[in-house]
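For reference, the structure discussed in these notes is given below.
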Amino acid sequence: MTTVTVIKSADESNLSRREQRKMEVRGRINEAALALFSAKGVELTTVEEICESAEVARKTFYNYYSSKQDLIRALSDSMLYDETSNVIELALEKYDSTRERVEYIYGVMIDNLQRYEELERCLVHQALLDLSSENSQIGQRLGDLNAAFSELVRDGLRLGDVSESYSAEFIGEMIVGLINATIINWVHDPGYPVFERIEEVKRLTLASFLKH
């Protein structure tokens with residue numbers, strides 16, 4: 001869960017002009033939707049407003065998404081999974097210790113929840129709803145997230161600042177599990193102290209898996 005941006009391909013140079021145009025239009029729709037969702041709330045935002053803000057025809061919107069709910073589902077998939085993986089990758093590039101990387105990742109998470117609370121709650125809720133769908137890809141996406149955190153741990157093992165008591169895969173899965181449990185509690189309980197819990201999850205992560 002990183003800053004509210006739209007995920008784009010890391011390498012657009014190999015795309016045809018038509019494919020680049022489609023990606024650009026989809027990006028405009030997504031960016032317009034995110035801005036409106038953040039400003040007005042998800043429920044109060046209409047497809048017409050998204051189209052007007054993105055400067056696309058309503059017909060064009062439906063070339064990409066079958067409904068507003070379909071758009072929300074796509075944004076949920078992108079922002080909750082792809083962007084978290086991107087933040088982990090950025091942490092690996094920016095910092096030279098696992099402690100700094102972990103603190104950065106959790107810091108971005110808290111910052112997003114503070115700035116985009118309703119939107120984040122809606123996207124998580126959508127992800128939970130998708131779990132019951134026979135076409136759900138949540139399992140695969142969670143696997144990708146486990147792999148991203150496991151790579152963070154694996155690099156920490158190479159640096160020598162992560163405990164060798166557990167496998168990188170296990171630690172990655174446990175971190176994802178702790179984060180998911182915290183966020184699910186928050187989605188179902190508006191009074192849940194999510195920021196305090198995330199801070200505690202961060203401290204537990206650092207205390208449990210890093211060498212001291």
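Just so it is clear, the structure is predicted and the values come from calculations on it, not from any experiment.
- Among residue pairs with one or both ends in residues 179-200, none qualify as ring pair (Phe, Tyr, Trp, His ring centres under 6.0 Å); sequence neighbours excluded.
- Between the S38 side chain and the L34 main chain, a donor and an acceptor come within less than 3.5 Å of each other.
- Contact annotation: the side chain of R99 approaches that of L206 to within less than 4.5 Å [non-hydrogen atoms, C-beta and beyond].
- The structure places CG of D155 at 12.5 Å from OG of S150, a figure rounded to the nearest 0.5 Å.
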(message) Please evaluate residues I179 and M109 with respect to the criterion side-chain contact (heavy atoms from CB on, under 4.5 Å), reporting the C-alpha separation (whole Å), side-chain torsions for both, the decisive distance (0.1 Å), and the verdict.
(response) CA-CA 10 Å; I179 293 171; M109 191 180 306; 3.7 Å; yes

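- Note on residues 143-167: pairs passing ring pair (Phe, Tyr, Trp, His ring centres under 6.0 Å), not counting sequence neighbours, are Y166-F170.
- In this structure, V162 and L152 have side chains that are not in contact, with every pair of non-hydrogen atoms separated by 4.5 Å or more.
- Salt bridge annotation for E24-R21: present, with a cationic side-chain nitrogen under 4.0 angstrom from a carboxylate oxygen.
- D82 contributes atom CG, which lies 10.0 Å from atom CG of L145 (distance to the nearest 0.5 angstrom).
- Rounding to the nearest 0.5 Å places CG of L157 at 8.0 Å from NZ of K211.
- In this structure the side chain of R101 never reaches within 4.5 angstrom of the side chain of K94, judged on heavy atoms.
- Residues Y65 and N30 have side chains that bring a donor and an acceptor to within less than 3.5 angstrom of each other.
- Legend: residues meeting side-chain contact (heavy atoms from CB on, under 4.5 Å) with S66, ordered by chain and number and at least two apart, are D70.
- Inter-residue side-chain proximity for I198 and L113 is flagged as met; some heavy-atom pair is nearer than 4.5 Å.
- Between I50 atom CD1 and R28 atom CZ the span is 13.5 Å, to the nearest 0.5 Å.
- Atoms CZ and CG, on R154 and L92 in that order, are 11.0 Å from each other to the nearest 0.5 Å.
- The pair E19-K22 does not meet the salt-bridge criterion, since no charged nitrogen lies less than 4.0 angstrom from a carboxylate oxygen.
- When atom types are taken as modelled, the side chain of K68 and the backbone of T45 share a donor-acceptor pair closer than 3.5 angstrom.
- By the rule that hydrophobic residues join a cluster once side-chain heavy atoms approach within less than 4.5 Å of another member, I105 and L159 end up as members of separate clusters.
- Comment: R158 engages E151 in a salt bridge, judged by a side-chain N to carboxylate O separation of less than 4.0 angstrom.
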